[in-house]
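Below you'll find the structure, written out as structure tokens, and then a few comments.
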Amino acid sequence: MSRYNPREAEPRWQSVWADQGVDHAAREATDRPKYYVLEMFPYPSGKIHVGHSRNYAMGDVVARYKRAKGFDVLHPMGWDAFGLPAENAARERNVHPRDWTLKNIEVMRGQLKRLGLALDWDREIATCEPDYYKHQQAIFLKFLEKGLVERRKAKVNWDPVDNTVLANEQVIDGKGWRSGAPVVQRELDQWFLKITDYADSLLDGLDQLDRWPDKVRLMQANWIGRSRGAHVTFPFADPADRDRFGCEGITVFTTRPDTLFGASFLALASDHAITTALAADDPLIGKFARDCAASGTTAEEIEKAPKKGIDLDVKVLHPFDPDWELPVWSANFVLSSYGTGAIFGSPAGDQRDLEFSRKYDLPVTPVVLPPGADAATHSIDDEAWTGPGTIYNSRFLDGLSTEAAIERAIQELEKRKLGHGATNYRLRDWLVSRQRYWGCPIPVIHCDSCGAVPVPEDQLPVELPRDVTFDTPGNPLDRHEGWRHVDCPKCGQPAKRETDTLDTFVCSSWYFLRFASPWPEDKPFDPAEAQRWMPVDQYVGGIEHAILHLLYARFFTRALHDCGLIDLPSGEPFAGLFTQGMVTHETYKSETGKWLAPTEVEDRDGQLIEIETGRPVTVGAIEKMSKSKKNVVDLDDFIDTYGADAARWFVLSDSPPERDVEYTDGGVDGVWRFVQRLWSVVDGFEGTSGGDMNGVSPEGLELRKTAHRTVRDVTEAIEGFRFNSAVAKVHDFVNALRKFLPANEADKAAQGESLRLLTQLISPFMPHLAEACWERLGQDGIVAAAAWPEADPALLIDNTVILAVQVNGKRRGEIELPKGADRDMAEKAALDDPGVARSLEGLNVRKVIVVPDRIVNIVAG
RNA sequence: GCGGACGUGGCGGAACUGGUAUACGCAACAGACUUAAAAUCUGUCGCCCGUAAGGGAUUGAGGGUUCAAAUCCCUCCGUCCGCACCA
């Protein structure tokens, strides 16, 4: 008997798979059903650590399992290769972003191959290659043609560290998603994709995504933030204001037109057009607006900021009563980016309006009577009633329910031409301009006389120039005179290229389509092939993309469908989504406060020591493996020591896939032991597979039953994404096999069957070890090409079952009965059980509940 | 503040539609092999009382529904996540 040596076995099996081409998806439709499994493709940042491998291991289990189940599986891999780290590397290490990126891809491809993933490498793509981004530019122009792209001046989020703008989704807690720097507002001319055109579709489509986590659907729904209400216009009281501000009145968005009779003021955002106009002449208003702009945008600052405002000395008329004048204020709690940037204050029904009214002594008229309240006594003190109720103090709305009053008020507004029902969204258009070099160039030329002119399609791709420098801040494309200056394609006059590049989230919004047919040079993908493979049946990735990437991709497939590039009526790219948890590891800090990698730390007599200095180490929190905290375990190091299978098995053990799993040396040792134990139980087998199982001993039959139960359980666990349960079931099965001693030849045949089934069950998880076992057992071909085993139903049925017997809900004994035994039989057996009889002493049996084949509960007193 | 998820031994966790709670793994302890250690193997192992047989309490806390609750309902506590003055 020998030990299993992954260093020798793993490369050997990988070349067998490559030679046989088992991992390639069919290039043309087959009679097998298709299955598209995809892990979110990585950014080539350098090296893969054990933490990253979990995502790929999960996808690979699904891919290998589905293949064994007879599906034609598409399981591709590529590189999300544009992005800022390449430019930072260029700046810090004087290496060209492209060279840096390609080298990282080289390294990481090698690592993924060492993991033994069943990937179709023929379909590999890198988004930084012109043969990829040229299609992206064509798509951009198609969107432009369709009116889905807009260039406009807008207040945008500027990340002062990354020196670029960010989309709304990319600002987390007021900070840039990558840099973590507080973003500031800037007014700039920028490119937008009109994702808001699809707000309803993106929201309503969530209902069909029944194989997505509810959590992600909810997050997207909240992000889109649809709310129904009305636009209401309050006409200016002084007709002169119409000319002064160039409009009839002030339009607000409200979800509660039923509370219009409780209005006591209007409030505008500090940067509303009217506020800005007035600020030009009135220093006090100007100061107020500047103060608001300067106040913090972080969560806490907003929370603590008291309501404040300034009376603009403008009057408007109530839409339902031309004799009713309302004052117009500017207030710090009104957002210019939501609705119309103006509200009407109805203090009895809104907490913010109430606080504002109390501070500035504005009237508070309750108009909604909460259920059960008395109109004569109900009053509002310091808490607004925001719930539903009966409308009062409201003339023609009196007596109506909130819901009916909303309808009625909208009708009346429409009649008076002062408003209409309206839907508002929290979702903003997707800002895709980035002031960076290492991204997909936006294929547009700016001409003084023709404006923004699309680059003609036959001139695509607009390639990034290679000769750029990063020694000065800013976008090198802006400084590249040779690249920048071109003639206008329309009029031939000298013009300038757009120097902004596209947000890298654009690249990842359609790569899954390119994977379906990465070959055409004249189009982004072959529509028939894309249609054959789409949607992705199982997508696997991190929860951090719950909104960003997943929302953008859903928008893209809709837009591509509407542009006629793909026939995908649902618009949904990912039918099934799984968001996996991270791999975590302890963090270590040296005495000098420096992060230390696990390899720089050593355990000496229970004390952790920095190897280099011999000084003690502080153990910090257990956190997600990340380069910045240095708490990573390098994948190559791991594979060198334990092999790829151990890495795969480890990251799938112990924790449910959606939760984090902690990396511990103890856990790794356990996996290594298990790999060897499993090998030894196969290697120690002395019979031959496929023998006659007639005359099997009772123990042999029990083993067979365990084997077939395990087949059933592991299959169900894989289907349900419960890989940790599958691991536990395989452990059980190996324990049973280790205890088993064959009594005769039939037993050996049964043992051989069990070992073969075991090999097949582990093959999606530990494919190399499985091949070694398959070979050792003398099976034909390779296990990677074998069909998934089916459990024999006859062996899943037990002739006898053990029932627990409870007395008053407490377990007092157990009885063994033939399967399907009736109530009388079960009751009698239960009452005869000595333990049960003992606990029934002195009690009268009142009732016996029998659930056949499950439990007996005796109620006594 | 709003919305959501979760809470089970020393630790990670299992328990499918309410039906034997603590599977499996880690750690720990004892033993075998060994000059010794590592590795490996065997056994014990949630808590309390008891030498034991056996008994008792137990799934964050409290209450409820039920013959029966980790699982369903209510209240509270705690942890994590998302959104955050969204009119």
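As a basis for the values below, the full set of heavy atoms in this structure was taken, side chains included, without hydrogen atoms, waters or symmetry mates.
At least one side-chain heavy atom of A:Leu427 sits less than 4.5 Å from a side-chain heavy atom of A:Ile195. No side-chain heavy atom of A:Val856 sits less than 4.5 Å from a side-chain heavy atom of A:Gln806. With a 4.5 Å cut-off on side-chain heavy atoms, A:Trp329 and A:Leu266 do not count as touching. With contacts defined as side-chain heavy-atom distances shorter than 4.5 Å, the pair A:His585/A:Glu662 does not qualify. Side-chain contact between A:Pro793 and A:His708 is absent, with no heavy-atom pair separated by less than 4.5 Å.
With a 3.5 Å ceiling on both atom-pair distances, B:A27 lacks any Watson-Crick or G-U wobble partner. Judged by Watson-Crick or G-U wobble contacts below 3.5 Å, the nucleotide B:U34 has no partner. Base pairing analysis places B:C76 opposite B:G60; the two distances defining the Watson-Crick or G-U wobble pair are each below 3.5 Å.
Toward the 5′ end of RNA chain B lies the nearest nucleotide of A:Asn808, the other residue of the pair A:Phe344 and A:Asn808 mapping further downstream. Mapping A:Arg673 and A:Gly667 onto RNA chain B by nearest heavy atom places A:Gly667 at the nucleotide closer to the 5' end.
A side-chain donor-acceptor contact under 3.5 Å links A:Thr233 and A:Thr251.
Not one side-chain nitrogen or oxygen of A:Arg811 sits closer than 4.0 Å to the OP1 or OP2 atom of B:C67. The phosphate of B:A27 (OP1 or OP2) has no side-chain N or O of A:Thr664 nearer than 4.0 angstrom. Residue A:Arg659 places at least one side-chain N or O closer than 4.0 Å to OP1 or OP2 of B:G13. Between A:Arg3 and the phosphate of B:A39, there is no side-chain N or O to OP1/OP2 separation shorter than 4.0 Å. The shortest distance between the side-chain N/O atoms of A:Lys810 and the OP1/OP2 oxygens of B:G55 is not below 4.0 Å. Checking the phosphate oxygens (OP1, OP2) of B:A14, a side-chain nitrogen or oxygen of A:Asn724 falls inside 4.0 Å.
Contacts of A:Gly339 with the nucleic acid, taken as non-hydrogen atoms under 4.0 Å apart, are absent. As judged by a 4.0 angstrom heavy-atom cut-off over every strand, A:Gly225 is placed among residues making no nucleic acid contact. Using a 4.0 Å heavy-atom criterion, one finds that A:Asn735 contacts the sugar-phosphate atoms exclusively. A:Lys308 comes within contact range of no nucleotide atom at all, as no heavy-atom separation falls under 4.0 Å. Residue A:Glu662 is out of contact with every strand shown, counting any heavy-atom pair closer than 4.0 Å. A:Arg428 comes within 4.0 angstrom of nothing in the nucleic acid, heavy atoms only. Counting non-hydrogen atoms under 4.0 angstrom, A:Asn857 reaches a base of the nucleic acid. If you check every strand for non-hydrogen atoms under 4.0 Å, A:Arg226 touches nothing. Within the nucleic acid shown, A:Arg846 has no heavy atom closer than 4.0 Å to any nucleic acid atom. Contact annotation for A:Ser653: no contact, since no heavy-atom pair falls under 4.0 Å across all strands. No contact: A:Val805 has no heavy atom under 4.0 Å from any strand. In this structure, A:Leu218 reaches the sugar-phosphate backbone alone: every heavy-atom distance under 4.0 Å involves primed, P, OP1 or OP2 atoms, never a base. Among the heavy atoms of the strands lying under 4.0 Å from A:Lys307 is at least one base atom, whether or not backbone atoms are also near.
Between the P atoms of B:C67 and B:C2, the separation comes to 37 Å (whole Å). Look at the C1' atom in both B:C48 and B:G9: the space between them is 14 Å, to the nearest Å. Taking atom C1' in both B:G12 and B:G7, one finds a spacing of 15 Å when rounded to whole Å. Remark: the separation of the C1' atoms in B:C76 and B:A84 is 25 Å, to the nearest Å. Rounded to whole Å, the separation between the P atoms of B:G60 and B:A69 comes to 15 Å. Look at the P atom in both B:U35 and B:A27: the space between them is 26 Å, to the nearest Å. On the P atoms, B:G19 is 11 Å away from B:U71, given to the nearest whole Å. When the P atom is used for both B:G64 and B:G82, the distance is 38 Å, rounded to whole Å.
Checked against B:C85, B:A14, B:G19, the side chain of A:Val851 finds its nearest nucleotide in B:G19. Relative to the side chain of A:Ile343, the nucleotides B:A57, B:A87, B:C67 differ in distance, and B:A87 lies closest. Of all nucleotides listed (B:C86, B:G25, B:A23), B:C86 comes nearest to the side chain of A:Arg352.
Of all heavy-atom pairs spanning A:Arg54 and A:Arg659, the tightest one is NH1-O, 2.8 Å. In terms of heavy atoms, A:Ala342 sits closest to A:Leu268 at CB-CD2, 3.5 Å.
The stretch residues 257-268 of chain A does not touch RNA chain B, since none of its heavy atoms comes less than 4.0 Å from the strand.
When each of A:Tyr642, A:Trp649, A:Tyr4 is paired with A:Val675, the side chain to side chain contact (heavy atoms under 4.5 Å, CB included) condition holds for A:Tyr4 and for no other.
Anti is the glycosidic conformation of B:G63, whose angle departs from 0 by more than 90°.
Between A:Lys215 atom NZ and B:C81 atom C1' the separation is 4 Å, expressed in whole Å.
Using bins of under 30°, 30° to 60° and over 60° for the plane-to-plane angle, the ring pair A:Phe344/A:Phe234 lands in the tilted bin.
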